[in-house]
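Read the structure below first, then the notes.
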Amino acid sequence: MMMSRYTSRRRRSIIRLLLFLGAFCLQHQAAYAEGGTGEEETIKVLVGFKHMREEVKYIEEEDQKVRVAGNSTIKKSKIKYQFKNTNAVAMEVTRAEYEEMQKDSRFSYIEEDFEVKLASFDPPINEEEQLLRRTQQVIREVQSYAIPMTQSDQFIPTPPGDAANCMVYTCIVDSGVYINHQDIPYDRGDGYTTGRSFGSAVNNLWYRPVNTNHGTNVAGIMFATPNNNAGMVGAIPNPPRTSRICLKVAKVFPDGSDSTSISTVVEAVEWCASEANGRPMIINLSLATPTQTSTERRIYERIYNDNVLLVAAAGNGGDSELAYPASHDSVISVASVNSSRRKSSFSQFNDKVELSAPGSGVHVTDASETGISVSSGTSYACPYVAAIAARIWAVNPRCSNRDIRDALQASTRPLGNFVPNDEYGYGLVQAKAAYDYLVNQIGCGVPTGQPSPSPTKIPSASPSQRPSHVPSQSPSNMPSSVPSIVPSQIPSTVPSIEPSQIPSAVPSLSPTEAPTIDCLGQLEECTAQSDCCKGFSCLRISDNSYACRKETEELFNTKPRLAALDGGTCRGGFAGNCPIS
């Protein structure tokens, strides 16, 4: 009798298990029949919203769907990141969801979140030659030909004041930096160094990359300690306590991989910019993709207008194709030259190239505690420009990013038959000449407390960030963002934004327009001036895009040798705010 009851209970347990397995199989039968994995194919996209309020509402709706799903592994948030500097999000959606989103009127655009690759180029080297190189380099400290070629060995003053204060921040967006390398003068917890991992690299350590040297290569070019009888010499010869240049590391490439996404890179760039704490920031981007996105362009423009200098590799295709982010107007595109000051065979050439620096066969630190090696790529030309910019900016952080950019352009060693050109841009970057130009011509680069040795002789390519105390000898061609103390004797051709405090002596020729009630704010897309809130103008920001912008905010015109946006006509009658060539 006891045996029969036990047998009966065992049979019931087996039946319940079979029923459960049957239900599970029925639930997933359709998915397995279609794809064999039970998971739908997903694609990564960047989605722009027409208005900020619609973005906020959409995100709330998606969050609510996830909350309703609870702990279900079937329902996960499609939104991977909400960008801070434009009305857009990064999403991962199914093909069906993507097709449905194309019909949603709330979106201004939907574009693919393209792959980004590291911009290094290493031609094959046999193992014996590589071993010989490494053995020779570890015996004693070496100085790459790039150091004297870029004047990085010449004297530039270091900033005065408290050594604990960072005058300039640099941010390396890359594969992480092996912070324990004996030639890298930074360390966690030293007050000068912080970092973070992003995207698919989020679970990797930013300070101890595995199976990847690239970010450590870049850091060595910029910061490798001189006079320590080991390793190599970097473009910044002083440790952070003296140079006052602090380091941020943004790891966007996972360990062992040379690939990431545009959204991950842009998320890291936004983080870098937010870490500046009101100080100058230089972001090094030794990476490239052949495809641009509206999301990336808008965010880099916004960050550049917030006094951040962006420096990127021109690309290693050896052709005239554009690579991004380097080819955005808000980014300095850096090409590569060899030890003979000739264009590197792999370096891309086009009208977006702005500066050149050594990138063929340069010494780099690798991810071991003593190792250095020789590598090539526009990836390695890029950090020479970033390091030189950091050195001259740290001397006086009152300079703007436009001042630094102007000084770098104007002080190059010209290369090629005419300047600028597609192969070299304005020419080979020169550290000491750039510092001298900043001091003697622009006038903002003098250490605090010292007067400028001479007045500016050459006009700046961009407007001054501070009002002049000396009256101009000729009238300005651009409207002032500050009202005049004395009334103008010449009537304005542009209507006033603010109401006049003085009654007009002449009656108005047209009735006053009714005030806008539902208005658009900063960065929101517009179709007419009446769409924008008080204090904003509807301005053209790309070929087919207009957005509300602050009236005093300067539209970037960062490459004066390039043509302005096609057409050159601003919406809403505000021609004075149009970008110029």
Could you tell me whether a side-chain N or O of T264 sits under 3.5 Å from a main-chain N or O of F198, the two making a donor and an acceptor? no
For the pair T365 (side chain) and G371 (backbone), establish whether a donor and an acceptor sit closer than 3.5 Å, ignoring hydrogens and angles. no
Would T150 and S152 count as a side chain to side chain donor-acceptor pair (under 3.5 Å) here? Give the steps. CA-CA 5 Å; T150 58; S152 296; 2.8 Å; yes
Do N165 and R244 come close enough that some side-chain heavy atom pair is under 4.5 Å? yes
Verdict with reasoning, N277 to R279, per side chain to side chain donor-acceptor pair (under 3.5 Å): CA-CA 5 Å; N277 300 317; R279 295 285 188 177; over 6 Å; no
Would you check, one step at a time, whether the test side-chain contact (heavy atoms from CB on, under 4.5 Å) holds for V177 with W206? CA-CA 6 Å; V177 173; W206 63 266; 5.7 Å; no
Separation between CG (N421) and CG (L415), nearest 0.5 Å, reads 8.0 Å
Is it the case that the side chain of E321 and the backbone of F349 share a donor-acceptor pair, with hydrogens and angles ignored and the cut-off at 3.5 Å? no
Can you tell which of I332, V429, T412 makes a side chain to side chain contact (heavy atoms under 4.5 Å, CB included) with E354? I332
Roughly how far, to the nearest 0.5 Å, is the CG atom of L247 from the CD1 atom of I184? 8.5 Å
Hey, are the side chains of L408 and I392 touching, using non-hydrogen atoms and a 4.5 Å cut-off? yes
Count the heavy atoms belonging to other residues, nucleotides or ligands that lie under 6.0 Å from CZ of R413, then report whether that count exceeds 12. no
Give me the atom names and distance for the closest heavy-atom approach of F253 to K251. O-NZ, 3.0 Å
Using side-chain heavy atoms (C-beta onward) and a distance below 4.5 Å, is T225 in contact with D183? yes
For the atom pair CD (E296) and OG (S330), what is the distance rounded to the nearest 0.5 Å? 8.5 Å
Side chain proximity check, R302 to T86, heavy atoms < 4.5 angstrom: no
For a side chain to side chain donor-acceptor pair (under 3.5 Å) check, start with the C-alpha distance between S360 and S344, then their side-chain angles and the critical distance, and finish with the verdict. CA-CA 6 Å; S360 288; S344 302; 2.5 Å; yes
Side-chain donor/acceptor of D255 to backbone N/O of P209, under 3.5 Å: no
Which distance, rounded to the nearest 0.5 Å, do you find between the CD1 of I262 and the CD1 of I299? 10.5 Å
Anything under 30° is parallel, anything over 60° is perpendicular, the rest tilted; go ahead and classify H181 against Y178. perpendicular
If you measure from the Lys or Arg side-chain nitrogens to the Asp or Glu carboxylate oxygens, is any gap between E275 and K248 under 4.0 Å? yes
Going from CD1 on I442 to SG on C399, what distance comes out if it is rounded to the nearest 0.5 angstrom? 7.0 Å
Would you confirm whether R196, through its side chain, and V202, through its main-chain N or O, come within 3.5 Å as a donor-acceptor pair? no
OH of Y207 to OG1 of T193: how many Å apart, nearest 0.5 Å? 13.5 Å
Can you classify the ring geometry of H214 versus Y380 as parallel (below 30°), tilted (30 to 60°) or perpendicular (above 60°)? tilted
Would you confirm whether N316, through its side chain, and A119, through its main-chain N or O, come within 3.5 Å as a donor-acceptor pair? yes
Does the pair I245 and M222 meet the rule for a side-chain contact (heavy atoms from CB on, under 4.5 Å), with working shown? CA-CA 11 Å; I245 298 171; M222 296 179 69; over 6 Å; no
Distance-only, no hydrogens or angles: does the E423 side chain make a donor-acceptor pair with backbone N or O of K343 under 3.5 Å? no
Verdict with reasoning, N180 to R188, per side chain to side chain donor-acceptor pair (under 3.5 Å): CA-CA 9 Å; N180 288 339; R188 289 187 302 147; over 6 Å; no
Minimum heavy-atom distance between V353 and A314, given as atom pair plus value: CG2-CB, 4.4 Å
Nearest heavy-atom contact between Q348 and L322 is NE2-C, 4.2 Å
Looking only at heavy atoms, which two atoms of W393 and S400 are closest? And how far apart? CZ2-C, 3.9 Å
Would you indicate whether the side-chain heavy atoms of N203 and P254 approach each other to under 4.5 Å? no
side-chain contact (heavy atoms from CB on, under 4.5 Å) evaluation trace for S286 with L118: CA-CA 6 Å; S286 292; L118 292 169; over 6 Å; no
What I want to check is whether the side chains of S263 and D113 have a donor and an acceptor closer together than 3.5 Å. yes
Please examine the side chains of P325 and L287, heavy atoms only from C-beta on, and report whether any two atoms are closer than 4.5 Å. yes
Restricting to non-hydrogen atoms, name the atom on R398 and the atom on N396 that form the minimum distance, rounded to 0.1 Å. NH2-ND2, 2.5 Å
Could you tell me which non-hydrogen atom of N284 sits nearest to which non-hydrogen atom of A386, and how far apart they are? OD1-CB, 3.6 Å
Check: C171 and M281 side chains under 4.5 Å, non-hydrogen atoms: yes
Are V362 and Y145 packed together at the side-chain level, in the sense that at least one heavy-atom pair is separated by less than 4.5 angstrom? yes
Tell me, with the steps shown, if I303 and N85 meet side-chain contact (heavy atoms from CB on, under 4.5 Å). CA-CA 8 Å; I303 288 174; N85 288 277; 4.1 Å; yes
Using atom types as modelled and distance alone, determine if a side-chain donor or acceptor of T289 lies under 3.5 Å from a backbone N or O of E115. yes
Quick check: does any side chain N or O of T260 sit under 3.5 Å from a backbone N or O of V252, one acting as donor and the other as acceptor? yes
Do we see a donor-acceptor contact under 3.5 Å between the side chains of N213 and T216? no
Do the side chains of K432 and D436 get close enough for a salt bridge, i.e. N-O under 4.0 angstrom? yes
Just by distance, do the side chain of N307 and the backbone of N401 share a donor-acceptor pair under 3.5 Å? yes
